[in-house]
Amino acid sequence: MIKMKMNKIIAGVLAVLVLGAFTACGEKTNYSSPEESSKSNEIPTEPPAEPVMAAEDGPRLYIKDTTAAAGEIAEVTMAVENAELKWNMCGIHVTYDNRLQLQIVDEEEGRIRYKKGDASEYVTGSVGMIWKEEGLPDEVKSAGKGCLFYTEVFEGNYGLDGDIVTFYFKVPDDAESGTVYDIGFYYMDTDAFSNTEKDKSMDLYVFQNWKGGTVTVT
């Protein structure tokens with residue numbers, strides 16, 4: 001009975017995160033390319049009600065560089081370090097060059113194909129969805145980007161170091177060798193990388209230090 005109740009709570013948390021990811025309540029945004037995301041992003045876009053300083057150290061979120069041939073499926077992995085048993089949830093927007101074709105498992109629902117990694121060994125629930133083009137912010141579309149949202153929740157601070165999740169993208173059949181596609185992050189004020197203590201300083205550290213990656217055509 002307790003486990004069933006906890007599962008309902010986790011499902012509710014995931015639903016709230018997904019709803020917030022694609023609605024107006026997350027209007028405050030800050031687009032970052034891999035080059036920009038290696039620097040400190042100016043977040044939040046407005047000061048919080050109570051001043052919050054980023055932690056001096058904390059989890060470091062990043063996208064691994066990868067390679068794939070023209071026409072192949074590229075495996076793009078989001079990973080974290082310095083986070084062993086320090087976090088219990090994440091809700092992250094990932095941007096990608098829209099020449100890449102994000103692999104979908106449910107077109108109607110917008111569910112994407114993904115594989116959880118070793119950092120998510122103890123995860124209770126996860127959801128991955130595409131942000132459909134008609135709802136994308138202008139700054140994302142004008143940059144030639146698509147966007148996905150990934151969220152997961154643990155029952156405690158059981159998130160580990162390592163690969164969090166791997167996404168799948170088809171490289172264009174006519175892509176030339178040496179072509180580089182950027183994979184980055186897009187910040188919304190509904191995003192989270194948090195612990196059970198809801199430590200806002202950790203959230204800020206993560207978002208100010210995350211780093212994008214690339215897919216290079218072989």
Side-chain angles (χ1 to χ4, degrees), residues 13 17 21 26 28-45 48 51-67 74-97 114-124 126-128 140 145 147-169 180-216:
V13 170
L17 286 170
K28 304 181 184 73
T29 56
N30 183 15
Y31 173 73
S32 63
S33 66
E35 294 78 11
E36 293 167 335
S37 61
S38 64
K39 305 173 184 178
S40 292
N41 294 321
E42 295 179 0
I43 60 168
T45 52
V52 176
M53 298 294 292
E56 293 184 3
D57 196 12
R60 291 180 287 275
L61 191 67
Y62 62 101
I63 303 294
K64 291 185 172 181
D65 294 333
T66 190
T67 60
E75 299 186 357
V76 174
T77 298
M78 181 171 72
V80 68
E81 61 185 9
N82 197 34
E84 189 82 1
L85 298 176
K86 293 179 181 178
W87 60 287
N88 85 309
M89 65 178 294
C90 70
I92 304 293
H93 288 82
V94 175
T95 60
Y96 54 91
D97 191 305
Y114 66 87
K115 179 177 69 177
K116 295 186 294 294
D118 51 4
S120 304
E121 180 176 355
Y122 304 116
V123 74
T124 302
S126 62
V127 176
V140 176
K145 305 291 183 182
C147 189
L148 65 87
F149 178 72
Y150 179 76
T151 181
E152 62 181 35
V153 180
F154 302 78
E155 292 183 13
N157 290 331
Y158 302 140
L160 305 176
D161 279 341
D163 295 350
I164 296 174
V165 61
T166 296
F167 309 112
Y168 299 90
F169 297 87
V180 178
Y181 303 102
D182 293 338
I183 311 292
F185 294 101
Y186 183 83
Y187 174 75
M188 295 183 67
D189 61 3
T190 52
D191 288 358
F193 194 99
S194 191
N195 53 26
T196 55
E197 295 76 29
K198 306 302 180 188
D199 183 357
K200 294 295 184 182
S201 67
M202 187 179 85
D203 270 18
L204 286 175
Y205 181 87
V206 172
F207 298 139
Q208 290 180 354
N209 291 278
W210 57 13
K211 185 177 181 181
T214 59
V215 175
T216 301

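Note that the structure is a prediction, hence the values are computed from the model and not measured.
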Query raised in the report: So do Y168 and E75 actually touch side chain to side chain, heavy atoms under 4.5 Å?
Result: yes
Requested in this report: Quick one: sort the Y96 and F169 rings into parallel, tilted or perpendicular, breaks at 30° and 60°.
Outcome: tilted
Requested in this report: Could you grab the distance from atom CD of Q208 to atom OH of Y187, nearest 0.5 Å is fine?
Outcome: 10.0 Å
Query raised in the report: With side chains defined as the heavy atoms from C-beta onward, is the minimum distance between L61 and M78 less than 4.5 Å?
Result: yes
Query raised in the report: Which one of T95, V94, I92 satisfies the side chain to side chain contact (heavy atoms under 4.5 Å, CB included) criterion with Y186?
Result: T95
Query raised in the report: What distance separates T196 OG1 from W87 CH2, expressed to the nearest 0.5 Å?
Result: 13.0 Å
Report task. Not counting sequence neighbours, which residues clear salt bridge (Lys or Arg N to Asp or Glu O under 4.0 Å) with E81? List them please. Result -> R60
**Report entry** Main-chain N/O of S126 paired with Y114 side-chain donor or acceptor, under 3.5 Å
**Finding:** yes
Query raised in the report: Okay, side chain of D118, backbone of D163: is any donor-acceptor separation there less than 3.5 Å?
Result: yes
Query raised in the report: Does any non-hydrogen side-chain atom of F185 lie less than 4.5 Å from one of I63?
Result: yes
Query raised in the report: Side chains of V206 and V80: closer than 4.5 Å at any heavy-atom pair?
Result: no
Query raised in the report: Side chains of F193 and I164: does their closest heavy-atom pair fall under 4.5 Å?
Result: yes
Query raised in the report: Could you state the interatomic distance from CZ (F207) to CG (D189), rounded to the nearest 0.5 Å?
Result: 10.0 Å
Requested in this report: Step by step, work out the side-chain contact (heavy atoms from CB on, under 4.5 Å) result for F154 and E121.
Outcome: CA-CA 10 Å; F154 302 78; E121 180 176 355; over 6 Å; no
Report task. Flag the pair K64 / T166 as yes when at least one side-chain heavy-atom distance between them is below 4.5 Å, and no otherwise. Result -> no
Report task. Flag the pair V215 / V180 as yes when at least one side-chain heavy-atom distance between them is below 4.5 Å, and no otherwise. Result -> no
Report task. Grab the two heavy atoms, one from D199 and one from S194, that are nearest each other, plus how far apart they are. Result -> N-OG, 4.2 Å
Query raised in the report: Ignoring hydrogens and geometry, is there a side-chain-to-backbone donor-acceptor pair from D65 to T214 under 3.5 Å?
Result: yes
Query raised in the report: If we only count heavy atoms from C-beta on, is the F149 to V127 side-chain gap below 4.5 Å?
Result: no
Query raised in the report: Roughly how far, to the nearest 0.5 Å, is the NZ atom of K86 from the CD atom of E197?
Result: 12.5 Å
Query raised in the report: Can you check whether N82's main-chain N or O pairs, donor with acceptor, with D161's side chain at less than 3.5 Å?
Result: yes
Query - Separation of E152 CD from N88 CG (nearest 0.5 Å) - result: 10.5 Å
Query - Rounded distance (nearest 0.5 Å) linking atom CG of N195 with atom NZ of K200 - result: 10.5 Å
